[in-house]
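In this chain, numbering begins with 1 at the start of the sequence shown.
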Amino acid sequence: MAPLGLLTSGERAEVLEIRLRKEDCDQRKEKHICHAQDMGIRVGNVIEMLNSEGRGPVLIKIGESRIAIGRGMAMKIMVKKLNSAGE
């Protein structure tokens with residue numbers, strides 16, 4: 001298991017969980033998780049990293065959608081890397 005933000009371009013992974021720091025576990029907890037889900041980031045989804053270069057946001061592909069998310073959020077999304085065969 002590794003953070004989504006550490007994947008390199010072209011790597012695919014399955015979302016395992018969305019982690020939160022202790023200071024996030026207040027009223028914002030639900031909002032944070034709902035925001036990720038609103039963008040299509042859900043446990044069980046397969047994500048492909050399109051661009052993770054530099055210090056800014058990362059570009060990911062979920063299904064046919066391309067989404068840019070902040071690197072901080074990407075580091076809270078825990079994934080399991082998939083091999084080239086898809087599992």
Trainee: Is there a side-chain contact between V46 and V15 (heavy atoms, below 4.5 Å)?
Mentor: no

Trainee: CD/E17 to CD1/I77 distance, rounded to the nearest 0.5 angstrom?
Mentor: 11.0 Å

Trainee: List the atom of M75, the atom of P3, and the distance in Å for their closest heavy-atom pair.
Mentor: O-CB, 3.6 Å

Trainee: Minimum heavy-atom separation for L59 to A68, with atom names?
Mentor: CD1-N, 4.1 Å

Trainee: Hey, are the side chains of I18 and M73 touching, using non-hydrogen atoms and a 4.5 Å cut-off?
Mentor: no

Trainee: Atom CG in L6, atom NZ in K81: separation rounded to 0.5 Å?
Mentor: 7.5 Å

Trainee: Please name the pair of heavy atoms, one in E53 and one in R71, separated by the smallest distance, quoted to 0.1 Å.
Mentor: O-NH2, 3.7 Å

Trainee: Give the minimum heavy-atom separation between L4 and M49, together with the two atoms involved.
Mentor: O-CE, 3.3 Å

Trainee: Please give me the minimum heavy-atom distance between E64 and R66, naming the atom from each residue.
Mentor: O-NH1, 3.9 Å

Trainee: Enter the distance from M78:CE to M1:CE here, rounded to the nearest 0.5 Å.
Mentor: 5.0 Å

Trainee: So does G40 get a backbone contact from the side chain of N45, meaning a donor-acceptor N/O pair under 3.5 Å?
Mentor: yes

Trainee: Go through the steps for I62 and I67 under the test side chain to side chain contact (heavy atoms under 4.5 Å, CB included), then give the verdict.
Mentor: CA-CA 8 Å; I62 302 173; I67 302 168; 4.0 Å; yes

Trainee: Testing I60, L7, V58 for side chain to side chain contact (heavy atoms under 4.5 Å, CB included) with I47, which one passes?
Mentor: I60

Trainee: Could you pull out the closest heavy-atom pair between G5 and S52, with the gap in Å?
Mentor: O-OG, 3.5 Å

